[in-house]
Amino acid sequence: MKIASWNVNSLKVRLPHLTQWLADAQPDILALQETKLEDAKFPLDELAAAGYRAVYSGQKTYNGVAILARHQPIDLVTDIPGLADPQRRVLAATIGAPEADPAQALRVVNLYVVNGKAVGDEKYAYKLDWLAKVREFLAGELARHPRLVVMGDFNICPDDRDVYDPVAWGEDILCSPPERAGLKAITDLGLHDSFRLFEPGNGHFSWWDYRQAAFRRNMGLRIDLILIGEALKSVARAAAIDREPRRWERPSDHTPVTLELDI
DNA sequence: ATGGTCGAAGATCGA
């Protein structure tokens, strides 16, 4: 089984890239962020033609998350306790073959973590509070669903290996110690950064700014993560970042990250 | 050096 996460930065604009990548990569489950699409405008028919069911929690212009899968996702959560938030950033679902043992299903939480704009900004305070509330939600999810995947655009570089120039970037937004502590509090629940189970080195990024020819110069960050619970660690086979769609014409600024599981 | 480039808007804001 292959699972993946991709911030598409407008599903409307990126739909051709999405369908191309689905055909190329053949993921079983894909979490999307920044769909920027009202639910009524979600392209269900186009995705069904590509062989995927989809669930979504969208809004106009900003944010928006979706989960695509070969089997219908069920038991959705779009709003979490203690976080009355109109911004559509959270979508949890259970995915498994209908005929299979329910214990074999995967629980997927798709997150579009708050960007935060700048350290000290009011959006930064919202980010830290949001992370703390989401951590509490994930603790409950993990208790109920050992086969838990938490993936999405985390808008946080886990450590300096995930930054093209950690000295220049310093402790700015996406790398500040409080954000990293917020992410660590989540991984300390027992969730592993799956990419790091396979690749310890630096220079592997999932996002490159549109400006300054950042992609060509590999001036990027690794902020798109697939976290897995302990129960899935032993079946993780390979993790990768697929840079190919970032090379296509009019790309998202993010590229898909993937994880293959022996299940 | 606070620039630059996208997307959704239809002026700027968010990233």
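In what follows, chains are A, B, ... by sequence order, proteins preceding strands, each numbered from 1.
A/E34 places its CD atom 7 Å from the C1' atom of B/dA15, with the value rounded to the nearest Å. As a whole-Å value, the separation of A/N63 CG from B/dG14 C1' is 9 Å. In this structure, the CD atom of A/Q59 is 14 Å from the C1' atom of B/dA15, given to the nearest Å. Atoms CD1 (A/I173) and C1' (B/dG14) sit 13 Å apart, rounded to a whole Å. Taking atom CH2 of residue A/W207 and atom C1' of nucleotide B/dG14, one finds them 13 Å apart after rounding to whole Å.
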With the sugar-phosphate defined as primed atoms, P, OP1 and OP2, and the base as all remaining atoms, what B/S/- string results for nucleotides 2-13 of chain B, 5' to 3', for protein heavy atoms under 4.0 Å?
-> --BBSSSS----
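In this structure, the separation between CD on A/E34 and NE2 on A/H254 is 6.0 Å, given to the nearest 0.5 Å.
Within 4.0 Å (heavy atoms only), A/F215 reaches no atom of the nucleic acid at all.
Spacing of P atoms, B/dA1 relative to B/dA11, comes out at 34 Å, to the nearest Å. The P atoms of B/dA15 and B/dA9 are separated by 15 Å, rounded to the nearest whole Å.
Between A/R14 and A/L32 there is no side-chain heavy-atom pair separated by less than 4.5 Å.
Note that A/R70 lies in the cation-pi zone of A/Y52, set by a 6.0 Å cut-off to the ring centre and a 45° limit from the axis.
Within 6.0 Å of the CZ atom in A/R196, the count of heavy atoms belonging to other residues, nucleotides or ligands exceeds 12.
Applying salt bridge (charged side-chain N to carboxylate O under 4.0 Å, His left out) to A/R222 and the options A/D159, A/D193, A/D160, A/D153 leaves one that passes, A/D193. With respect to A/L174, the side chain to side chain contact (heavy atoms under 4.5 Å, CB included) criterion is satisfied by exactly one of A/N115, A/V119, A/I156: A/N115.
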